[in-house]
Amino acid sequence: MENIINKNPGENNDGSQAVSIGRDGHNESLWQKSAVKENWNGALDPSVIYDTLIVGAGITGITTALLLQKAGHKCVIAEAHNPGYGTTGGTTAHINTFADTTFAEVEKAFDKQAAKQFAESIAESVALIAANVRTYNLDCDFRWQNAYVYAETDKEVDELKDLFESALRVGVTAEIADHAPAPVPYQKAVVFDKQAQFHPLKYITGLQKQFTDLGGIVLENTRIEETESQDDFHIAKSGERQIKAKAVVYATHIPPGGVNVLHFRNAPYRSYVIAALLNDDNYPDALVYDMQDPYHYFRTHEIDGQKYLIAGGHDHKTGHGDPQQSFTDLINYTKRCYEVKSIHSQWSAQYYVPADGLPYIGHLPGASNGIYTATGFNGNGMILGTVSAIVLSDLILKGQSTYESLFNPGRVKPIAGFMETIKENADVIGRFIGDRLGLEEIESVSEIPVGSGEIVTYKDQKLAIYKDPHGKIHALNPVCTHTKCIVNWNNSEKTWDCPCHGARFDTEGVVLTGPARADLEKVNIGPQA
């Protein structure tokens, strides 16, 4: 597909100076460095009861809003920061007809019909993305690709066989590859055609323009703090502002606010990505995946004539692993596979792993009628965020969806999912108790390195202390405002991350990503020594 020549990255459409797109961490993604922030904020009429309020302006929220607005609804998007601030701005932007949860795993946990429905929903989402690019002539670097999955060991060969055969059973096109662009020796490979890639921020910016052109309203820097339900509509509150809507969609990656059952059926993970320049021109002209656990993946993206190798992997649960070590391991692994000249960008993003393998899309459990959610996308946010938009818009417009039962957030499913929920919740309880014990006691904040943070006991207080590059101390109560777990310091993204349900806060304690809604409490520690 031909792409329109990009405008000057430093200018908006009207020639004014562009503003960079913010994200939920210190590291800047390749997408942020090559996209510009458009200003399409609309004017809210507080007297109007809108048809739908969509909370969150990532791919899920913006796609849902556009589908509803096209159908004649009056919609408002409320975004706590800016569009693409969360995972959409940190994805590797793979568009696949298969998912991290294999069709074989869906067959085992559910049944063959469920696996076929899952495949059909994914195919529908890929078709919608391609149609949006074509219909609106979006300048988002969209490109069809083949995807190769390769196995290096006997065990991986068996797993690849399950992936391949179950894909065929549900109607997904795949073949045994005669040759794969694998960066290491392999035993067997499978190729999937009609996969794709794009620039995620350019894509959602294009959708946002279509939405506002149709009269849709986007409210940036508008964090929804609470929602009250009336007989016929809901009132969402953000400071002094109130938004009235007949339906509310939480497209926030995990439902925010108080404790919800979905917080215990999804486990938060951090995923690590680099964009590298190569000494040679051996950039893969395909999407490439290995079968390791966690797996690695590679692809190429070209921006302004420069090719970048995008590599991802070395995931771990949020607030548990060592982010800097994950980046080091990913870089070293990539260097073993490719002739790396330099690392242009490195960043991380968050995703949620659902207990039974399938996303939760539909009515928010425990909430009033007309309140919806979408979560549990695993590492497939672009396709499953788009699936969510299809399902949610159908539920709101028609009262039903083909995939309503499959993705029902209230499902209790089955023994495998139940055991995974038990395991994850045991881990949460362990962190809740264990992280309160054995904290390092310091006599002086000078012991904390500049540009770093630690959870410590200081003057008989348990504190989250960050010392900025200028030596200034920022002290916070380390208790997450969601379910009272102790946050951990992420020295790569310069954030405080909750190891229980994935809430994340900046160095001032401000919420970056939910499910927490309230900021961490600031603490005055007096004269610093």
Side-chain angles (χ1 to χ4, degrees), residues 23-24 29 31 52 54-69 75 77 79-80 82-101 118-133 138 140 142 195-208 210-211 218 249-256 262 266 268-269 271 349-354 357-362 364 372-396 401 403 406-407 409 502 513-514:
R23 273 206 68 235
D24 58 357
S29 73
W31 318 125
T52 308
I54 298 93
V55 184
I59 191 170
T60 304
I62 292 178
T63 309
T64 302
L66 178 57
L67 290 176
L68 292 172
Q69 196 77 18
C75 298
I77 298 175
E79 165 57 50
N82 57 255
Y85 187 83
T87 299
T88 300
T91 177
T92 52
H94 292 234
I95 303 169
N96 299 117
T97 56
F98 59 97
D100 286 2
T101 301
F118 188 39
E120 289 169 350
S121 73
I122 291 172
E124 195 172 336
S125 76
V126 173
L128 177 58
I129 291 171
N132 284 339
V133 174
L138 301 184
C140 65
F142 182 92
Q195 315 298 292
Q197 62 184 54
F198 64 2
H199 189 302
L201 292 184
K202 290 182 179 180
Y203 177 73
I204 66 165
T205 297
L207 297 191
Q208 183 184 348
Q210 298 302 318
F211 171 68
V218 178
V249 171
Y250 283 110
T252 51
H253 215 47
I254 192 75
L262 294 181
N266 293 276
Y269 277 75
S271 181
Q350 188 147 301
Y351 64 92
Y352 284 84
V353 177
L358 292 182
Y360 301 97
I361 309 167
L364 178 63
Y372 303 89
T373 191
T375 186
F377 297 165
N378 219 314
N380 309 117
M382 297 301 95
I383 54 173
L384 295 185
T386 306
V387 166
S388 298
I390 294 168
V391 174
L392 294 172
S393 60
D394 279 348
L395 289 175
I396 293 169
S401 165
Y403 311 110
L406 181 66
F407 299 132
T513 57

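Only this structure's heavy atoms are used, side chains among them; waters, hydrogens and symmetry mates stay out.
- Screening Leu68, Leu392, Ile77 for a side-chain contact (heavy atoms from CB on, under 4.5 Å) involving Thr52 leaves a single residue, Leu68.
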request  = In sequence, state the C-alpha distance, the side-chain angles, and the governing distance for Val249 and Ile396, and then conclude on side chain to side chain contact (heavy atoms under 4.5 Å, CB included).
outcome  = CA-CA 10 Å; Val249 171; Ile396 293 169; 3.7 Å; yes

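- Side-chain contact between Ser401 and Phe407 is absent, with no heavy atoms from C-beta onward closer than 4.5 Å.
- With a 4.5 Å cut-off on side-chain heavy atoms, Tyr403 and Glu120 count as touching.
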request  = Check step by step if side chain to side chain contact (heavy atoms under 4.5 Å, CB included) holds for Phe211 and Thr64.
outcome  = CA-CA 10 Å; Phe211 171 68; Thr64 302; over 6 Å; no

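- Side-chain atoms of Val218 and Gln208, non-hydrogen and from C-beta on, do get closer than 4.5 Å to each other.
- Contact of the Thr88 side chain with the Trp31 side chain is not registered, since no non-hydrogen atoms from C-beta on lie closer than 4.5 Å.
- Note that CG of Asn132 and CG of Leu207 are 5.0 Å apart. Values are rounded to the nearest 0.5 Å.
- Counting only heavy atoms from C-beta outward, the side chains of Met382 and Phe377 never approach each other to under 4.5 Å.
- Considering all non-hydrogen atoms of both residues, Pro359 and Pro354 come closest at N-CG, 4.5 Å.
- The heavy-atom pair separating Asn378 from Asp100 by the smallest distance is OD1-OD2, 3.4 Å.
- Between the side chain of Thr63 and the backbone N or O of Thr60, no donor-acceptor pair lies under 3.5 Å.
- Closest of all the heavy-atom pairs between Ala389 and Leu67 is O-CD1, 3.6 Å.
- Glu124 has its side chain out of reach of Val387: every pair of non-hydrogen atoms, C-beta onward, lies at least 4.5 Å apart.
- Contact detail for Gly90 and Ala349: the closest heavy-atom pair is O-CB, 3.6 Å.
- Side chains of Cys140 and Val133 form a contact here, defined as non-hydrogen atoms less than 4.5 Å apart.
- Pro83 places none of its side-chain heavy atoms less than 4.5 Å from the side chain of Tyr85.
- Taking both residues in full, the closest heavy atoms of Gly89 and Ser29 are given as O-OG, 3.0 Å, listed atom of the first, atom of the second, then distance.
- Side chain of Ser271 to main chain of Gln350: no donor-acceptor pair is present (N/O by atom type, distance under 3.5 Å, no hydrogens or angles).
- Distance CD1/Ile54 to CD1/Ile62: 10.0 Å, rounded to 0.5 Å.
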request  = Determine, stepwise, if the pair Thr375 / Tyr250 fulfils side chain to side chain contact (heavy atoms under 4.5 Å, CB included).
outcome  = CA-CA 9 Å; Thr375 186; Tyr250 283 110; over 6 Å; no

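- Expressed to the nearest 0.5 Å, how far CZ of Phe142 lies from NE2 of His199 amounts to 15.0 Å.
- If you take CG on Leu66 and CD on Gln69, they are separated by 8.5 Å, rounding to the nearest 0.5 Å.
- Partner Gln195 forms a side-chain contact (heavy atoms from CB on, under 4.5 Å) with one of Val126, Asn96, Ile95 and no other, that one being Asn96.
- In this structure, Leu138 CG and Ile204 CD1 are separated by 11.5 Å, a value rounded to the nearest 0.5 Å.
- Under the 3.5 Å distance criterion, the side-chain polar atoms of Ser388 are left unmatched by any main-chain donor or acceptor of Ile361.
- Atom CG of residue Asn380 and atom OG of residue Ser125 lie 9.5 Å apart, to the nearest 0.5 angstrom.
- Of all heavy-atom pairs spanning Ala65 and Cys75, the tightest one is O-SG, 4.2 Å.
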